[in-house]
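Side chains are part of it too, since the values below use all heavy atoms of this structure and drop only hydrogens, waters and symmetry mates.
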Amino acid sequence: ANVAFVLFTVFQYLLLVAYISQGGALLNNFLALFGDAASTVLPHLEGAAAPAAFTLGMGALLTLGNKRMLENVNNVVVTLVLGSFSALLL
């Protein structure tokens, strides 16, 4: 049981790191789409700033959001994940 707990904890940690890292990269790519217009509001994020900004944004959404809004955001994200997975199968 202890080995299963350690493996589960390590797996969850690695999954969390992967999501934060990729979320930061996606945020950086999204900001790059707007070029100079976005750089006046949010400059291009370097190094660990993009994952940190992604984490702060998601944390703020979860902390400040009401139940209905969080359910709607979750539904959209789940739909996007299922859609991208379905696209991989085709």
Side-chain angles (χ1 to χ4, degrees):
N2 289 337
V3 173
F5 171 76
V6 170
L7 290 176
F8 178 78
T9 303
V10 169
F11 176 74
Q12 293 300 313
Y13 175 76
L14 293 174
L15 191 61
L16 178 67
V17 169
Y19 272 110
I20 290 173
S21 176
Q22 188 61 34
L26 290 173
L27 177 62
N28 229 1
N29 291 340
F30 180 74
L31 291 176
L33 291 176
F34 296 101
D36 292 335
S39 66
T40 59
V41 179
L42 284 171
H44 185 70
L45 303 172
E46 298 291 334
F54 173 77
T55 303
L56 287 173
M58 291 303 290
L61 177 73
L62 293 171
T63 302
L64 302 174
N66 61 29
K67 183 179 177 183
R68 182 177 174 148
M69 188 210 38
L70 292 176
E71 286 178 8
N72 290 336
V73 169
N74 186 53
N75 290 338
V76 168
V77 170
V78 168
T79 302
L80 290 172
V81 168
L82 290 175
S84 64
F85 181 70
S86 297
L88 285 174
L89 295 177
L90 297 177

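Considering CZ of Phe11 and CG of Leu16, their distance stands at 11.5 Å, rounded to 0.5 Å. Annotation: the span from Gln22 atom CD to Leu27 atom CG amounts to 11.5 Å, rounded to 0.5 Å.
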Let me check something: any side-chain donor-acceptor pairs from residues 50-61 under 3.5 Å, sequence neighbours excluded? List them with distances.
residue, atom, partner, partner atom, Å
Thr55, OG1, Pro51, O, 2.8

Tell me which donor-acceptor pairs under 3.5 Å the side chains of residues 65-81 have, and how far apart each pair is, sequence neighbours excluded?
residue, atom, partner, partner atom, Å
Asn66, OD1, Arg68, N, 3.4
Asn66, OD1, Met69, N, 2.7
Asn72, ND2, Arg68, O, 3.4
Asn75, ND2, Glu71, O, 3.2
Thr79, OG1, Asn75, O, 2.7

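The side chain to side chain contact (heavy atoms under 4.5 Å, CB included) test applied to Val10 returns Val6, Leu14, not counting sequence neighbours.
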